[in-house]
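The structure appears below as C-alpha cells.
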Amino acid sequence: MGFFSVDYSKAGEEKQLLPEGDYEMGTHSVTMDASKSGHQCMKFEFIVRKDLDKVKELAKTNAKCHGRHYWANVWTEKDENGEPTGHFKDEDLNSIAKAYGIPEGTEIKSEDQFMEMLIGKPVRIHVIVGQNKFQGKVTDQNSTFTNSWKPTKYPLQKDPFAGTGDTIDVNDDNLPF
C-alpha cells in the first residue's frame, strides 16, 4: 500500500477571504522580505485568536474565522521617482508601536529588535475586502492599513508559571491564536 490515493471528494474546501471587520489576532511571525524588484517590506503573519469565540462583538470575525492565518506587508517608502528608499514611514512604524503598546520614548535600535518585540503579542486589526488590479486581472483581496491597527481589547492571560523556574511544553493547539 502506498502513501495515499488521490480522492478529490476528500479535499478540504477552498478558504475564502476573511469577512471585513475587526479581528483580535496573535502575531505569529514578523520577517523582512522583498519583492522581485527589491522593494522591501516587513511581512506579518497573524493568526485569528481562538479564545474569543464567545465574545459577542467578535461573532462575525473571530468566532467564524478563528485559527486562520492572515498576512500583511508593510512596505518601505518610495522616492519621487517611484524607487524604493529602504526606509519605512515613521507613521507606519509608530502606528504599529502604538497598537502593540510599546511605551512612548522606547529607543529601538534595529528592525530585528522591533520585529522581535511584536512576535507572540496580540493586536486588534481592521481587515477590509478590496479589489486588486494586476496585469489586467481584477481579484478580491484582504488588506489592512497600519493606522487601523489598535491595541487588543482582550489581553492574553498572564503566564501562571512565569518566574517559577518550572517549564511546560506548549504546542500550537495550546495557543489562543
Side-chain angles (χ1 to χ4, degrees), residues 14-50 52 57-58 60-62 64-156 172 175-177:
E14 180 181 344
K15 294 285 185 180
Q16 300 298 315
L17 295 175
L18 293 175
E20 189 162 322
D22 293 324
Y23 288 83
E24 290 283 340
M25 306 266 199
T27 309
H28 183 68
S29 67
V30 186
T31 57
M32 288 300 295
D33 201 0
S35 68
K36 290 179 183 178
S37 66
H39 192 183
Q40 293 178 305
C41 68
M42 272 189 227
K43 185 179 208 76
F44 287 77
E45 180 182 3
F46 300 105
I47 301 176
V48 179
R49 288 176 57 183
K50 299 180 197 178
L52 303 173
E57 74 168 307
L58 300 172
K60 294 182 180 178
T61 55
N62 281 66
K64 285 186 174 182
C65 300
H66 66 252
R68 296 234 341 242
H69 291 245
Y70 174 70
W71 288 266
N73 294 332
V74 178
W75 296 93
T76 57
E77 293 184 278
K78 289 186 176 183
D79 65 18
E80 60 277 354
N81 298 319
E83 294 297 318
T85 64
H87 295 77
F88 290 96
K89 292 179 186 174
D90 283 343
E91 178 184 338
D92 286 341
L93 296 177
N94 282 294
S95 292
I96 294 167
K98 184 176 180 181
Y100 279 89
I102 297 173
E104 181 90 23
T106 299
E107 184 68 31
I108 299 173
K109 300 191 184 322
S110 68
E111 291 169 350
D112 287 339
Q113 179 191 10
F114 184 61
M115 293 184 297
E116 281 293 320
M117 294 172 83
L118 309 177
I119 296 171
K121 303 286 190 315
V123 66
R124 187 177 189 88
I125 296 178
H126 184 75
V127 174
I128 59 174
V129 177
Q131 291 190 325
N132 181 40
K133 296 176 186 173
F134 183 67
Q135 296 181 343
K137 185 177 179 183
V138 178
T139 56
D140 289 337
Q141 70 176 22
N142 283 136
S143 60
T144 187
F145 300 98
T146 58
N147 63 1
S148 69
W149 298 12
K150 305 289 181 220
T152 183
K153 288 186 177 180
Y154 304 95
L156 298 173
D172 285 346
L175 298 174
F177 52 83

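Predicted model only: the values in this text are computed from it and were never measured.
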Fill in the blank from the handout: The reported gap from CG in N142 to CG in L18 (rounded to nearest 0.5 angstrom) is 4.5 Å

Practice task
Using the six-membered ring wherever Trp is involved, compare the ring planes of F46 and W149 and label them parallel, tilted or perpendicular (cut-offs 30° and 60°).
Solution key: perpendicular

Handout entry: CD-CG distance between E57 and L52, expressed to the nearest 0.5 angstrom
Key = 9.0 Å

Practice task
Mark yes or no for whether T85, through its side chain, and E77, through its backbone, hold a donor-acceptor pair below 3.5 Å.
Solution key: yes

Handout entry: Least distance between heavy atoms, Q141 atom then L17 atom
Key = N-CD1, 3.8 Å

Handout entry: Smallest separation among heavy atoms of P84 and T76, with atom names
Key = CB-OG1, 4.4 Å

Exercise for the section: Compare all side-chain heavy atoms of C41 with those of V74 and state whether any distance is below 4.5 angstrom. Expected result: no

Problem - Residue pair E111 / T31, side-chain heavy-atom distance below 4.5 Å - result: no

Practice task
Mind listing the closest non-hydrogen atom pair of Y70 and A72 along with its distance?
Solution key: CE2-CB, 4.1 Å

Exercise for the section: Applying ring pair (Phe, Tyr, Trp, His ring centres under 6.0 Å), name anything that partners H66, two or more places apart in sequence or on another chain. Expected result: none

Problem - Beyond-backbone contact of Y154 with R49, side-chain heavy atoms, under 4.5 angstrom - result: yes

Handout entry: D33 vs N73 side-chain heavy atoms within contact, under 4.5 Å
Key = no

Handout entry: Residue pair D90, D92: steps toward the side-chain contact (heavy atoms from CB on, under 4.5 Å) verdict
Key = CA-CA 5 Å; D90 283 343; D92 286 341; over 6 Å; no

Handout entry: Contact check, side chains of I102 and F114, non-hydrogen atoms, under 4.5 Å
Key = yes

Practice task
Look at the side chain of T144 and the backbone N and O of V127, then say whether any donor-acceptor pair between them is shorter than 3.5 Å.
Solution key: no

Problem - E83 (side chain) donor-acceptor with D79 (main chain) under 3.5 angstrom - result: no

Exercise for the section: Answer whether the closest heavy-atom distance between the side chains of E104 and K98 falls below 4.5 Å. Expected result: no

Practice task
Could you give me the CA-CA distance, side-chain angles and deciding distance for M25 and I47, then say whether side-chain contact (heavy atoms from CB on, under 4.5 Å) is met?
Solution key: CA-CA 5 Å; M25 306 266 199; I47 301 176; over 6 Å; no

Exercise for the section: Search all heavy atoms of N62 against all heavy atoms of D22 and return the closest pair with its distance. Expected result: OD1-O, 4.3 Å

Problem - Heavy-atom check, side chain of I108 versus side chain of M117, under 4.5 Å - result: yes

Practice task
Tell me, yes or no, whether the heavy-atom count around E91 atom CD, taken from other residues, nucleotides or ligands under 6.0 Å, exceeds 12.
Solution key: no

Practice task
Measure from the side-chain N and O atoms of K150 to the backbone N and O of N147, and report whether any donor-acceptor pair falls under 3.5 Å.
Solution key: yes

Problem - Exceeds 12 heavy-atom contacts within 6.0 angstrom, atom CD of Q113 - result: yes

Practice task
Would you name the heavy atoms of I119 and S29 that are closest together and state the gap between them?
Solution key: CG1-CA, 4.2 Å

Practice task
Enter the distance from W75:CH2 to K89:NZ here, rounded to the nearest 0.5 Å.
Solution key: 13.0 Å

Handout entry: N/O donor-acceptor pair under 3.5 Å between E24 side chain and T152 backbone
Key = no

Problem - Side chain H69, main chain E45, donor-acceptor under 3.5 Å - result: no

Handout entry: Audit row: L118, F44, side-chain contact (heavy atoms from CB on, under 4.5 Å) steps and yes/no
Key = CA-CA 10 Å; L118 309 177; F44 287 77; 3.7 Å; yes

Practice task
Check whether any side-chain heavy atom of M42 sits under 4.5 Å from a side-chain heavy atom of M32, and report yes or no.
Solution key: yes

Exercise for the section: Give the intermediate values and the outcome of side-chain contact (heavy atoms from CB on, under 4.5 Å) for residues V48 and T61. Expected result: CA-CA 9 Å; V48 179; T61 55; over 6 Å; no

Handout entry: Rounded distance [0.5 Å steps], CD in Q131 versus OG in S143
Key = 11.5 Å

Handout entry: Point-to-point distance, once rounded to the nearest 0.5 Å, from CZ of R124 to OG of S148
Key = 11.0 Å

